[in-house]
**Q** 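What follows is a structure written as structure tokens; I'll ask about it next.
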Amino acid sequence: MADQITVSLPDGSPRALPAGSTAGDLAASIGKRLAKAAVIADVNGTERDLVWLLDDGDEVAIITEESERGLYTIRHSTAHVLAQAVLDLFPGATFGIGPPVENGFYYDFELPEGRTFTPDDLAKIDARMRAIIKERQPFIRDEIPDSQALELFKDHKYKLEIIKGAAEDPTSVTEKGMVRTYENPPDFIDVCRGPHVPDTGRLGHFKLMRVAGAYWKGDEKNPMLQRIYGTAWASKNELDAHLHRLEEAEKRDHRKLGVELDLFSFPEEIGSGLAVFHPKGGIVRRIMEDYSRERHEQADYEFVYSPHITKENLFLTSGHLEWFAEGMYPPMEMDGGTDYYLKPMNCPFHILIYKSRQRSYRELPLRMFEFGTVYRYEKSGVVHGLTRVRGMTQDDAHIFTTKEQMGDELRSLLLFVLDLLRDYGLDDFYLELSTRPEGKAVGSVEEWDEATEALRAVGEDMNLDLVMDEGGGAFYGPKISVQTRDAIGRTWQMSTIQLDFQMPQRFEMDYIGDDGKRHRPIMIHRALFGSVERFFAVLVEHYAGAFPAWLAPVQVRVLPVRDDHDAYAWRLVDRFKAEGFRADMVTADEPLGGRIRKAKLEKLPYVLVVGDDDVAHSTVGVNPRGGEVERDVPIEQFVERLAADVLAHVT
RNA sequence: GCCCGAGUAGCUCAGUUGGCCAGAGCAGCUGCCUUGUAAGCAGCAGGUCGUCGGUUCGAGUCCGACCUCGGGCUCCA
């Protein structure tokens with residue numbers, strides 16, 4: 001056997017090492033800094049521990065803590081430390097799965113006698129974890145036969161399920177009768193795929209965030225385990241930066257800003273998940289809706305209206321009662337036996353409008369639009385601010401086309417959607433294609449495939465990333481959804497476009513073609529904002545409450561320096577209002593600084609201060625949001641500037 | 001729906017082991033101040049401590065149920 005081996009690095013260069021060298025040795029031979037940052041290695045395309053023995057000819061890449069895979073490993077290893085700490089501190093506790101997730105990790109546990117974790121427990125667990133980290137316990141990989149694993153984990157029923165292959169665990173491998181384990185001496189061992197950091201001393205920049213319930217295997221029929229979530233990073237700086245980002249996100253929370261800016265509220269007297277919009281929120285909402293109508297009108301949509309309740313018949317035909325009865329408000333019995341339901345969807349109404357008379361191919365595509373208010377009985381635990389409510393208004397459109405028109409219509413529809421979203425400062429998109437939900441879909445597989453392919457073709461034309469969401473479609477058809485990243489990089493699902501061959505069949509819709517025969521139209525369901533409420537919430541968070549001028553409830557506030565400037569200030573307010581702007585005035589009852597501060601806290605685009613000089617020269621002092629104060633600006637000049645902002649949808 | 005946590009004035013929060021603990025700041029109102037770019041001064045008013053029951057001589061404080069909110073899980077036509 002040769003006493004030297006040669007491996008190749010990612011750049012293709014060869015590197016000679018003594019036989020018996022590990023991936024860690026390779027890192028050390030390349031450089032001190034690399035050795036220090038190394039977490040795991042990629043050997044011939046497979047992730048390995050740093051103690052992995054290298055062979056002659058291996059292709060090796062050292063993975064450091066700066067990379068996504070390195071960070072993932074740190075989080076995964078930290079999850080093991082969490083499990084060890086919990087098993088140490090709570091005799092009789094058992095554990096489920098503990099994978100890394102975005103920004104951190106979690107681990108699921110079950111405590112004896114149905115005990116649950118308290119916030120105090122988290123502090124104790126944290127302390128135990130830090131002690132384990134101080135001990136620098138190695139992570140030792142092993143492969144053992146199933147039979148041995150079953151014995152080793154006989155007190156851990158969830159691990160037994162994993163070993164037997166009865167439960168999915170993203171971080172374990174059980175194949176060919178062998179189970180891979182990782183041991184942290186002296187006494188912790190877990191079923192795990194690995195790889196891991198060399199020892200626990202590499203960890204430590206973590207924080208336990210919260211405890212939550214989680215069903216075993218994600219199924220609500222199974223027992224609920226206690227899940228502990230943590231965040232973990234390669235350095236203290238990164239951990240602190242993450243915690244800081246969370247704080248920033250909290251400041252943008254639309255529920256908090258909704259109160260502070262007097263936009264909307266959820267009076268307890270009305271009921272959970274039912275919002276009222278206050279005047280200021282009402283202005284924003286009205287502008288959103290008006291602008292949407294204007295754009296839809298330009299794009300050849302026709303506007304329709306439909307009632308909030310209907311006989312059950314309509315939702316029996318559509319299939320909603322079969323699939324979503326639990327998500328609907330219970331029926332009202334009327335007229336001696338007929339059940340009426342609050343509508344959870346607008347589509348059946350639009351279908352009836354279509355069916356109100358014979359349709360010709362010359363009318364298609366027929367585009368119907370409605371701000372349709374729907375009611376859905378969301379489970380009590382899921383309502384969340386304006387993003388998940390029980391009463392909401394969809395900016396709902398249904399487009400009826402021929403099969404031939406379908407592709408072009410989808411394409412122009414998607415362009416229309418993206419274009420309108422950009423008007424709200426959202427311009428970072430990707431698409432998601434949701435396919436047939438196995439077990440709760442109507443229609444033939446062939447129809448589904450055809451519809452899905454049509455959506456995929458259009459999605460791929462958009463020059464955006466297209467990711468798959470297998471089984472995520474509605475019961476009647478696949479959908480493509482537009483995902484948006486906001487100002488601080490969070491993604492929101494916005495518009496959805498669903499292609500539906502089923503409803504036209506169920507409602508026996510048709511049109512007369514140019515051949516004089518009856519044909520079945522295809523239906524496209526589309527919500528652009530999704531729901532007005534939810535979109536409103538996204539905008540509040542995206543703008544952090546600082547609405548651009550075109551949406552701002554108050555665009556300009558005029559502040560007279562002294563009482564004797566009041567008349568001039570009022571004339572300005574009248575002038576702005578006459579030009580169609582939203583302006584108000586606060587008299588000099590308190591010092592200017594205090595009034596400016598209040599206006600700033602309201603996040604108004606412009607504060608105008610007017611005093612002696614301005615009265616004398618028809619000027620204003622402009623204090624723009626986020627900009628420098630400018631004195632002696634002629635009124636005309638300011639009006640032009642504001643008008644430009646409004647037109648451009650900026651500032 | 002399930003698990004955990006929380007509900008004290010419009011908002012943000014104090015209220016030790018149940019007993020001179022119903023408080024503060026901001027906001028509001030009334031005066032005074034007349035102010036040039038992020039908090040002028042003073043006074044006043046404001047809460048059956050989420051709701052309903054229970055324990056106790058005595059309950060924001062302890063127990064139970066319910067409601068609402070928050071964080072998750074499940075769900076999301």
Side-chain angles (χ1 to χ4, degrees), chain A residues 106 108 114 116-119 121-122 209-229 250 253 255-256 259-260 262 265-273 315 318-328 343-348 374 376-385 387-389 394 437 440 472-477 479 493 496 498 500 503 525 527 530-531 534 559-566 587-602 607-614 620-624 628-632:
Chain A
Y106 67 80
D108 288 344
T116 56
F117 292 113
T118 65
D121 291 336
L122 278 193
M209 302 300 283
R210 57 182 67 95
V211 45
Y215 299 108
W216 171 237
K217 292 197 270 187
D219 188 333
E220 61 185 327
K221 292 194 246 347
N222 287 332
M224 179 161 276
L225 306 182
Q226 296 290 305
R227 175 171 296 178
I228 295 176
Y229 278 96
E250 217 170 294
D253 192 315
R255 295 165 301 190
K256 183 178 152 72
V259 175
E260 286 175 7
D262 198 13
S265 62
F266 291 91
E268 210 176 308
E269 294 85 340
I270 299 177
S272 178
F315 292 113
S318 72
H320 287 102
L321 268 172
E322 185 183 345
W323 297 101
F324 290 101
E326 279 188 7
M328 292 168 67
K343 70 172 170 182
M345 291 289 283
N346 301 303
C347 40
V374 298
R376 298 177 176 182
Y377 187 76
E378 301 287 1
K379 287 189 195 169
S380 63
V382 309
V383 293
H384 179 95
T387 61
R388 194 81 182 267
V389 291
Q394 294 182 310
K440 47 177 188 177
F475 70 87
Y476 49 76
K479 73 176 177 205
Q493 177 176 315
T496 60
Q498 299 176 331
D500 178 7
M503 292 296 155
H525 304 243
S531 85
R534 193 182 130 84
L559 302 178
V561 173
R562 282 192 318 271
D563 281 359
D564 48 325
H565 307 123
D566 277 7
T587 54
D589 287 340
E590 65 173 315
L592 186 60
R595 286 178 288 153
I596 288 175
R597 179 165 188 275
K598 279 171 190 152
K600 291 293 178 186
L601 291 175
E602 287 180 56
V607 177
L608 302 186
V609 173
V610 294
D612 291 335
D613 299 345
D614 301 295
V620 293
V622 180
N623 185 336
E628 297 291 308
V629 170
E630 299 160 53
R631 290 283 303 270
D632 308 316

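The sequence lines fix the lettering, A, B, ..., with proteins before strands; numbering per chain opens at 1.
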**Q** Expressed in angstrom and rounded to an integer, what is the separation of A:Glu269 atom CD from B:rG50 atom P?
**A**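 Atom-to-atom, A:Glu269 to B:rG50, this comes out as 15 Å.
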**Q** Are any side-chain N or O atoms of A:Arg595 and backbone N or O atoms of A:Pro560, one a donor and one an acceptor, separated by less than 3.5 Å?
**A**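 Yes; at least one donor-acceptor contact below 3.5 Å.
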**Q** Which residues pass the side chain to side chain donor-acceptor pair (under 3.5 Å) test with A:Gln493, not counting sequence neighbours?
**A**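 With neighbours one apart ignored, the set is empty.
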**Q** Mind listing the N/O atom pairs, protein and nucleotides 9-13 of chain B, below 3.5 Å?
**A**
none

**Q** Does A:Arg255 have any side chain to side chain donor-acceptor pair (under 3.5 Å) partners at least two apart in sequence or in another chain, and if so, which?
**A**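 Expected list: A:Asp253, A:His384.
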**Q** Could you work out the separation of B:rG36 and B:rC26 based on their C1' atoms and round it to a whole Å?
**A**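 About 26 Å, rounded to a whole number of Å.
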**Q** Measure the distance from CD on A:Gln226 to P on B:rG71 and round it to the nearest whole Å.
**A**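 Computing the A:Gln226:CD to B:rG71:P distance gives 18 Å.
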**Q** Using the C1' atom as the reference point in each nucleotide, state the distance between B:rC75 and B:rC13 in Å, no decimals.
**A**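 Pairwise C1' distance, B:rC75 against B:rC13, rounds to 36 Å.
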**Q** I'd like to compare against my own output: the B/S/- annotation of nucleotides 72-77 of chain B with a strict under-4.0 Å heavy-atom distance to protein.
**A** BBBBBB
**Q** Hey, does A:Gly594 reach any base, or is it just sugar-phosphate, or nothing, if we go heavy atoms under 4.0 Å?
**A**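 The residue A:Gly594 makes sugar-phosphate contact but no base contact.
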**Q** Starting at CZ of A:Phe117 and ending at C1' of B:rG5, how long is that distance when rounded to a whole Å?
**A**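 Those two atoms, CZ and C1', are 15 Å apart.
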**Q** Say we look at B:rU12 and B:rG50: how far apart would their P atoms be, to the nearest angstrom?
**A**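 B:rU12 and B:rG50 have their P atoms separated by 14 Å.
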**Q** Quote, to the nearest angstrom, the P distance that separates B:rU74 from B:rA39.
**A**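 One P to the other, the span is 48 Å.
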**Q** Please report the interatomic distance CZ(A:Arg210) to OH(A:Tyr106), rounded to the nearest 0.5 Å.
**A**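 So the CZ of A:Arg210 and the OH of A:Tyr106 are separated by 14.0 Å.
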**Q** Within the structure shown, what part of the strands sits under 4.0 Å from A:Gly273 by heavy-atom distance: base, sugar-phosphate, or nothing?
**A**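 Contact class for A:Gly273: sugar-phosphate only.
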**Q** Would you kindly give the CE-to-P distance between A:Met209 and B:rG5, to the nearest whole Å?
**A**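 A:Met209 atom CE is separated from B:rG5 atom P by 18 Å.
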**Q** Generate the contact string for nucleotides 24-34 of chain B. Rules: B means base contact, S means sugar-phosphate contact only, - means no protein heavy atom under 4.0 Å.
**A** ---S-----BB
**Q** Starting at CG of A:Leu559, measure out to CD of A:Glu590 and round the result to the nearest 0.5 Å.
**A**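 Rounded to the nearest 0.5 Å, the CG-CD separation comes to 9.5 Å.
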**Q** B:rC4, OP1 or OP2 - any side-chain N/O from A:Thr116 closer than 4.0 Å?
**A**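 True: A:Thr116 side-chain N/O within range (under 4.0 Å) of B:rC4 OP1/OP2.
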**Q** What is the nucleic acid contact for A:Gly611, judged by heavy atoms within less than 4.0 Å: base, sugar-phosphate only, or nothing?
**A**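 Base contact.
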**Q** Can you list everything that forms a salt bridge (charged side-chain N to carboxylate O under 4.0 Å, His left out) with A:Lys256? Sequence neighbours excluded, please.
**A**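 A:Lys256: salt bridge (charged side-chain N to carboxylate O under 4.0 Å, His left out) contacts with A:Glu260.
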**Q** Is B:rU34 paired to anything, Watson-Crick or G-U wobble with both distances less than 3.5 Å, and if yes, which nucleotide?
**A**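 The base-pairing partner of B:rU34, which may sit in any strand shown, does not exist here.
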**Q** Between the protein and nucleotides 62-65 of chain B, list every N/O to N/O distance that falls short of 3.5 Å.
**A**
none

**Q** Would one find a side-chain N or O of A:Thr118 under 4.0 angstrom from OP1 or OP2 of B:rG5?
**A**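 Answer no for this pair, as no side-chain N or O of A:Thr118 is under 4.0 Å from OP1 or OP2.
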**Q** Report yes or no: is there a donor-acceptor pair, N or O only, under 3.5 Å between the side chain of A:Asp614 and the base of B:rG36?
**A**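 Present.
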**Q** With sequence neighbours left out, what residues match A:Lys343 under side chain to side chain donor-acceptor pair (under 3.5 Å)?
**A**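 Here the qualifying residues are A:Ser306, A:Asn346.
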**Q** Any idea if B:rG60 is syn or anti, going by the 90°-from-0 cut?
**A**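 Here the answer is syn: the torsion falls within 90° of 0.
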**Q** Salt bridge check, A:Arg562 against A:Asp564: does any charged N sit closer than 4.0 Å to a carboxylate O?
**A**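 Salt bridge flag = yes for A:Arg562 with A:Asp564.
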**Q** Applying side chain to side chain donor-acceptor pair (under 3.5 Å), can you list everything that pairs with A:His320, at least two apart in sequence or on another chain?
**A**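 A:His320: side chain to side chain donor-acceptor pair (under 3.5 Å) contacts with A:Ser318.
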**Q** In whole Å, what separates the C1' atom of B:rA59 from that of B:rG18?
**A**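 Straight-line distance between the two C1' atoms is 6 Å.
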**Q** Considering only the P atoms, how many Å lie between B:rU68 and B:rG28, rounded to the nearest integer?
**A**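 It comes out at 32 Å once rounded to the nearest Å.
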**Q** Under 4.0 angstrom, heavy atoms only, what part of the nucleic acid is A:Val383 near: base, sugar-phosphate, or nothing?
**A**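 Contact class for A:Val383: sugar-phosphate only.
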**Q** Using atom C1' of each nucleotide, how far apart are B:rG53 and B:rU17 to the nearest Å?
**A**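 Nearest-Å result for B:rG53 against B:rU17 at atom C1': 26 Å.
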**Q** Is there a Watson-Crick or G-U wobble partner for B:rA6 with both distances under 3.5 Å, and which nucleotide is it?
**A**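 Paired with B:rU68.
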**Q** Between A:His565 and A:Asp614, is there a side-chain heavy-atom distance shorter than 4.5 Å?
**A**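 The answer is no, as the side chains (C-beta and beyond) never meet within the 4.5 Å cut-off.
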**Q** Who pairs with A:Arg376 by salt bridge (charged side-chain N to carboxylate O under 4.0 Å, His left out), at least two apart in sequence or on another chain?
**A**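 None.
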**Q** Tell which nucleotide pairs with B:rA24, taking only Watson-Crick or G-U wobble pairs whose two distances are both under 3.5 angstrom.
**A**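 WC or wobble partner is B:rU12.
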**Q** Could you give the CG-to-C1' distance, from A:Asn222 to B:rC3, as a whole number of Å?
**A**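 So the CG-C1' distance, A:Asn222 to B:rC3, works out to 15 Å.
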**Q** Identify, with sequence neighbours excluded, every residue that meets salt bridge (charged side-chain N to carboxylate O under 4.0 Å, His left out) alongside A:Lys379.
**A**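 For A:Lys379 the salt bridge (charged side-chain N to carboxylate O under 4.0 Å, His left out) partners, ignoring immediate neighbours, are A:Glu220.
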**Q** Salt bridge (charged side-chain N to carboxylate O under 4.0 Å, His left out) with A:Asp589: which residues, sequence neighbours excluded?
**A**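 In terms of salt bridge (charged side-chain N to carboxylate O under 4.0 Å, His left out), with neighbours along the sequence ignored, A:Asp589 is linked to no residue.
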**Q** Of the options B:rG1, B:rU68, B:rU37, whose atoms approach the side-chain atoms of A:Arg631 most closely?
**A**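 Nearest to the side chain of A:Arg631 among the choices is B:rU37.
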**Q** CG of A:Asp121 versus P of B:rC4: gap in Å, rounded?
**A**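 From A:Asp121 CG to B:rC4 P: 12 Å.
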**Q** To the nearest 0.5 Å, how far apart are CH2 in A:Trp216 and CG in A:Leu225?
**A**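 Rounded to the nearest 0.5 Å, the CH2-CG separation comes out at 7.0 Å.
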**Q** Do you know which two heavy atoms are closest between A:Val389 and A:Phe266, and how far apart they sit?
**A**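 Heavy atoms of A:Val389 and A:Phe266 come nearest at CG1-CE2, 4.1 Å.
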**Q** Restricting to non-hydrogen atoms, name the atom on A:Met345 and the atom on A:Val374 that form the minimum distance, rounded to 0.1 Å.
**A**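 Between these two residues, the closest heavy atoms are N-CG1, 3.8 Å.
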**Q** A:Asp632 CG to B:rU37 P: how many Å, rounded?
**A**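 So the two atoms are 13 Å apart, to the nearest Å.
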**Q** Suppose you measure atom P in B:rA6 against the same atom in B:rU55; what distance do you get, rounded to whole Å?
**A**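 My reading of the P atoms in B:rA6 and B:rU55 gives 25 Å.
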